[in-house]
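Step one of this worksheet: look at the structure below.
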There are 2 protein chains.
Amino acid sequence: MSDKNITLTNAEWSVMECLWESAPKTGREITDYLKAREGWNRSTTLTLLSRLEAKGAVVSDSEGRKKTFSPLLRREDAALHETEDFLSRVYKGSLSLMVSSLTKKKALPKEEIDQLYAMLKKLEEVENDD
Amino acid sequence: MSDKNITLTNAEWSVMECLWESAPKTGREITDYLKAREGWNRSTTLTLLSRLEAKGAVVSDSEGRKKTFSPLLRREDAALHETEDFLSRVYKGSLSLMVSSLTKKKALPKEEIDQLYAMLKKLEEVENDD
DNA sequence: CTTCTTTGTTTACATCTGTAAACAAATTAT
DNA sequence: ATAATTTGTTTACAGATGTAAACAAAGAAG
């Protein structure tokens, strides 16, 4: 069973975002993309790609004349991993503690609250009628 | 205005948790605490305390014969900082996106959902009748 | 075919993190 | 007052991270 317990650094997230947006991409496309978005030197991006490949988050295909890269790690899996790590460290693993802290700090715009409320309401309904 | 834009590393969070739990504490108390919880060597803890003091997250008082330490950075401020960083990186800054992802992954126990729902319901009510 | 350009691979290097060992100063016990 | 212990300060050091320069191979252009 392939271990998706991969942790991404900040810089690596940027590279992955590029690949999650669409893949496969050539090295050229990726370096251009990150040169634009992050101002990175070509080498920087290529180095990150190697590291990501080494840790199994990316695969490359050298068949054709241009090497291409694709994500192996899915965004949702990376996100879930980060989320668990974050929640446990900062909010003792409790999402509701997180939300209550944010509201106390008034760090949640009304739109977010409304949207969240709507979502949960729907969830509750589903849960209750099965 | 004191800039609370302090980012804590994992190890530093452990030290801060100890101080947030109660303070001031002597070096002895802190090193014992972290020796027990994390298995850290005395030096490790003391080094972390220095780094934390250097970055303004902790103050020490050397008046008496025993040096004591207290948190300067408040837990809520550290948490908020981390939260913003995390949400923007992983969920484009959207809490509701975070929650919807978690539910899709079935990574939220029913209790959490219920609790969150109750909390938001109350919030909505308050917002609506003012 | 030489030369210029693009692409790919190695090596480099400073800073940050986790983790202490060493050494020095102050207390305490004998 | 001496030795043993506790406490405080400096120095160390490997691995992770951000950031790239150097060098080599492959293709394109003249």
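We name chains A, B, ... by the order of the sequence lines, and we start the count at 1 in each one. Everything quoted here is computed from the prediction, not taken from an experiment.
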Looking at dA21(D), I'd like to know if its phosphate oxygens (OP1 or OP2) sit under 4.0 Å from a side-chain N or O belonging to Asn41(A). yes

Calculate the interatomic distance between Leu34(B) atom CG and dT17(C) atom P; express it in whole Å. 18 Å

Protein-nucleotide distance (Lys35(B), atom NZ; dT6(D), atom P), rounded to Å: 12 Å

How long is the line joining CD of Glu53(A) and C1' of dT9(C), in whole Å? 12 Å

Return yes if some donor-acceptor pair links the side-chain N/O of Thr47(A) with the main-chain N/O of Ser43(A) below 3.5 Å, else return no. yes

Contact nearer the 5' end of DNA chain C, comparing Ser50(A) with Lys66(A): Lys66(A)

By nearest atom, which of the nucleotides dT19(C), dT7(C), dG8(D) is closest to the Arg42(A) side chain? dT7(C)

Do you know the tightest heavy-atom contact between Ile113(B) and Glu124(A)? CG2-OE2, 3.6 Å

dT17(D) OP1/OP2 closer than 4.0 Å to side-chain N/O of Thr9(A): no

Between Thr83(A) and Tyr91(B), is any pair of side-chain heavy atoms under 4.5 Å apart? yes

What's the closest nucleotide to the Leu46(A) side chain, out of dT9(C), dA20(C), dT19(D)? dT9(C)

Rounded to whole angstrom units, what separation is found between the CD atom of Glu29(B) and the P atom of dG8(D)? 11 Å

Take atom CD of Glu38(A) and atom P of dT19(D), then tell me their distance rounded to the nearest Å. 9 Å

For a quick check, tell me whether the side chain of Arg51(B) and the base of dT19(C) share a donor-acceptor pair closer than 3.5 Å. yes

Under 4.0 angstrom between Arg28(B) side-chain N/O and dT7(D) OP1 or OP2: yes

Length of the line joining Trp13(A):CH2 and dT17(D):P, which is rounded to integer Å: 14 Å

Are Trp40(B) and dG18(C) close enough that a side-chain N or O sits under 4.0 Å from OP1 or OP2? no

Salt bridge between Lys35(A) and Asp32(A), side-chain N to carboxylate O under 4.0 Å? no

Side chain to side chain contact (heavy atoms under 4.5 Å, CB included) for Leu8(A) and Ile6(A)? Distances and angles first, verdict last. CA-CA 6 Å; Leu8(A) 301 174; Ile6(A) 296 174; 4.1 Å; yes

I want to confirm an ordering. Mapping Ser43(A) and Glu12(A) to their closest nucleotides on DNA chain D, which one lands closer to the 5' end? Glu12(A)

Roughly how many Å is it from NZ in Lys55(A) to C1' in dG15(D), rounded to a whole number? 13 Å

By the 4.0 Å heavy-atom rule, please label Thr47(A) as base, sugar-phosphate, or nothing. base

Using whole Å, report how far CG of Asp32(B) lies from C1' of dT7(D). 12 Å

